[in-house]
Trainee: 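Submitted below is the structure of interest, expressed as C-alpha cells.
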Amino acid sequence: MVRCGLLALMLVLMIAGAWTAPVNVEITGDPPYGYALLRAVRLAFASAPDTPHKPLKLYVPVAPSPLFTIHAEMAGGLTPQLLPITVHHSDPRADVEGVMLVSNSPERLDGPRTLFEGVVESGVPARLLFHHLNDTRERLGLSVELINPHDVPVRAQVIEAMAGPSDDEMKVGHQAALAYAQRESRNAGYIITVPPSSAVSPCHAVVPPGFTISGLARLHILTPGQSLLLRVRAHSPSTLYTRAPMREYIPTAVLGDYHYPTARITYRGVYTVGGNWLFLQLGGLSIPAQRPAQPLHGSYGVWHEYHLTAVNPTPKTAAVQLVVEGAAGGVRLIYTLGGRWQETGILRPGNDVVLATLAVPPGQQRTLTLTAMPQSGSNYPILFTLRARR
C-alpha cells in the first residue's frame, strides 16, 4: 500500500498527434486510485494549452500496480502514439474537520442560474453537498466550479463523488454518499492547480428533464494564505467546460448563503443492562447557518459520530444490540463501526435492523463507535437503539 512520500509512476496514455510536452498528475491517500487517476488525467489534458487532441475515454485498472498503462480512445482515427504520464503521490492531511456547504436551494431547477457560491480559505477544508432535480423540459448542465480570481496559482486537494443523473433521487443520494465516504476515509483524491484568473470544473454533468444529480466534494486549499471561490451552477449543456479563463469575477447574490460551521457532530451515550434503552437519532437535528433563516434541516452531508457504551452490572454476560429503523419514511443508511463502510437496504418505521451485537461480561462495559451521514434523497430522522437482545 502506498503511503506518504513521493511516488513516480510512469503511466502510458494513447493519444493522437506528435505531442511531447510532459504531463504530471498528483493523487493522494490510499488505493484504489481509479477515479482519482481518471479525474487527474482529464484535468491535466484540459490544462495543457498545446494539447493537439483530447482523449475520449480512459481505461484505468481498478487496482493499479507500480507500473501500468492507461489507454485512451481518441477521436478522428489518427495514428496514436504513447505518452508517458508521471503520477506523483502525496498524502496531505487537514488539522481541522472544516465547514459544511450545501447547494440544495432550490432543489428543483427551473432554469439556468447560480445555485451556490462561497469562499474556501486555506487551513479550513470545506465539504460541499449538492443535490438538484431538473424540473424543466430541457436538458441542463450542472457544474461545480473552482474559481481563482487572484494573480497567483492555487493548489487544492479534491475528494469527490457524484452520482446520476437518475430518476431515482434516493438511489443517487445513496450512491454519492457511499462513494464519498469510502474515498474520504482513505483521503483518496487528486490535487489540482487553478491558474490565476481561471476557473476549473472538476465535477459536471448534463441532467435530462425529470432527473436528479447528487454529489459530495471536499476541498482542501494547499497554497498557504490563498483561497478559491466554490460555485455550483445550472447552465446550458453547450457551455460545459473543464478549464476556462476568467476575464473578471463578479460575485453573485447567493455568495455566502447556506454555509454551516461544522461538518461533524459527536454524541456520547450510555446504556445500562436492565435499565432504559438508549435512543439516538440521525438526521433529527437542524444546524444553524452563518446567515439567518437558512438552517440545515436533517443535517444532510454532516458526519454524525456516536460513542456508545454498554454497562453490565448483572452477574451474567449480556448480549447488547445496536439496532436501527426508519422513523419518517423510506431511508437508506451508510455507516461504519470502525472498519469498512457498510450500507443497508431501505429502512422503514417499525422494521428493526441489527447493526451489531456486543457480548458484555458481568461487571464490565464495552464501547463502540458508530459513524453515519444523512444522505440526500432519504427521509429523516432515523432511530438508533442500544438495548439488551430480545
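Just so you know, residue 1 is the first one in the sequence shown, and it goes up from there.
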Trainee: Show every donor-acceptor pair shorter than 3.5 Å between a side-chain atom in residues 100-108 and any protein atom, with sequence neighbours excluded, or say none if there are none.
Mentor:
residue, atom, partner, partner atom, Å
S103, OG, H132, NE2, 2.8
N104, ND2, H131, O, 2.8
S105, OG, Y258, OH, 3.2

Trainee: Go through the steps to decide whether R264 and E305 satisfy the test salt bridge (charged side-chain N to carboxylate O under 4.0 Å, His left out), and finish with yes or no.
Mentor: CA-CA 7 Å; R264 182 178 295 267; E305 187 174 273; 3.1 Å; yes

Trainee: Can you check whether L230 reaches E145 side chain to side chain, under 4.5 Å on heavy atoms?
Mentor: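 No, every pair of side-chain atoms sits at 4.5 Å or beyond.
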
Trainee: Does a donor on one side chain and an acceptor on the other come within less than 3.5 Å for N134 and T136?
Mentor: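 N134 vs T136: donor-acceptor pair found between side chains.
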
Trainee: Can you see whether Q364 engages N312 through a side-chain donor-acceptor pair at a distance of less than 3.5 angstrom?
Mentor: no

Trainee: Just list the side-chain donor-acceptor pairs under 3.5 Å for residues 218-229, sequence neighbours left out, or say none.
Mentor:
residue, atom, partner, partner atom, Å
T223, OG1, R155, N, 2.8
S227, OG, H150, NE2, 3.1

Trainee: Yes or no on ring-ring contact (aromatic ring centres under 6.0 Å, His included) for F384 and Y306, after CA distance, side-chain angles and deciding distance?
Mentor: CA-CA 10 Å; F384 296 114; Y306 305 85; 5.3 Å; yes

Trainee: Tell me whether D168 contacts the main-chain N or O of V172 through its side chain, where contact means a donor paired with an acceptor under 3.5 Å.
Mentor: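 Side chain of D168 to backbone of V172, a donor-acceptor pair under 3.5 Å: no, none is there.
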
Trainee: Judged by modelled atom types alone, do E160 and Y190 share a side-chain donor-acceptor pair under 3.5 Å?
Mentor: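 Present: a donor and an acceptor within the cut-off.
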
Trainee: Rounded to the nearest 0.5 Å, how far does CG of L128 lie from OH of Y180?
Mentor: 9.5 Å

Trainee: Please confirm whether R387 makes a cation-pi placement over Y271, using NZ or CZ under 6.0 Å from the six-membered ring centre and within 45° of the ring normal.
Mentor: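 Ring-cation test returns no.
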
Trainee: Measuring only between side-chain heavy atoms, which start at C-beta, is M246 closer than 4.5 Å to I147?
Mentor: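 M246 vs I147: side chains touch.
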
Trainee: With heavy-atom distances below 4.5 Å as the criterion, would you say the side chains of H235 and L240 are in contact?
Mentor: yes

Trainee: Any side-chain donor-acceptor pair under 3.5 Å between E184 and W341?
Mentor: no

Trainee: Please tell me if the side chains of V273 and V311 come closer than 4.5 Å, counting only heavy atoms from C-beta onward.
Mentor: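 They are not in side-chain contact.
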
Trainee: Will you find, in the side chains of S214 and E169, an N or O donor that is under 3.5 Å from an N or O acceptor?
Mentor: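 Looking only at side-chain atoms, E169 and S214 do not form any donor-acceptor pair under 3.5 Å.
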
Trainee: Taking atom types as modelled, find out whether N187 and D91 have a side-chain donor-acceptor pair closer than 3.5 angstrom.
Mentor: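 N187 vs D91: donor-acceptor pair found between side chains.
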
Trainee: Given side-chain contact (heavy atoms from CB on, under 4.5 Å), test Y267 with L308 step by step and report yes or no.
Mentor: CA-CA 8 Å; Y267 303 84; L308 308 176; 6.0 Å; no

Trainee: When you check the side-chain N and O atoms of T252 and E117, is any donor under 3.5 Å from an acceptor?
Mentor: yes

Trainee: Take L355 and V323, measure what side-chain contact (heavy atoms from CB on, under 4.5 Å) needs, and give me the verdict at the end.
Mentor: CA-CA 6 Å; L355 301 182; V323 301; over 6 Å; no

Trainee: L115 versus V254: any side-chain heavy-atom pair under 4.5 Å?
Mentor: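 No. Closest side-chain heavy atoms not under 4.5 Å.
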
Trainee: For the aromatic rings, using the six-membered ring if either is Trp, is the centroid distance between H259 and F116 under 6.0 Å?
Mentor: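 Yes - the distance between ring centres of H259 and F116 falls below the 6.0 Å cut-off.
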
Trainee: Where do E26 and S90 land on the side-chain hydrogen bond (donor to acceptor under 3.5 Å, both in side chains) test, with the steps shown first?
Mentor: CA-CA 7 Å; E26 188 170 354; S90 62; 2.7 Å; yes

Trainee: Does any donor atom in the side chain of S299 or H304 lie under 3.5 Å from an acceptor atom in the other side chain?
Mentor: yes

Trainee: Does a side chain donor of either Y335 or E343 reach within less than 3.5 Å of an acceptor in the other side chain?
Mentor: no

Trainee: Looking at Q157, R186, H88, R93, which one forms a side chain to side chain donor-acceptor pair (under 3.5 Å) with T28?
Mentor: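 Among the candidates, only Q157 passes.
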
Trainee: Going by heavy atoms in the side chains, are T309 and L278 under 4.5 Å from each other?
Mentor: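 No, their side chains stay 4.5 Å or more apart.
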
Trainee: Are any non-hydrogen side-chain atoms of D135 and L109 less than 4.5 angstrom apart?
Mentor: no

Trainee: To the nearest 0.5 angstrom, please state how far the CG atom of L146 sits from the OG1 atom of T193.
Mentor: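 That separation rounds to 11.5 Å.
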
Trainee: What I'd like to find out is whether the side chain of V119 reaches to under 4.5 Å of the side chain of E121, using heavy atoms alone.
Mentor: yes

Trainee: Which residues pass the side chain to side chain donor-acceptor pair (under 3.5 Å) test with Q321, not counting sequence neighbours?
Mentor: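 Q321 satisfies side chain to side chain donor-acceptor pair (under 3.5 Å) with no residue once adjacent residues are dropped.
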
Trainee: Between Y35 (side chain only) and A188 (backbone N and O only), is there a donor and an acceptor less than 3.5 Å apart?
Mentor: yes

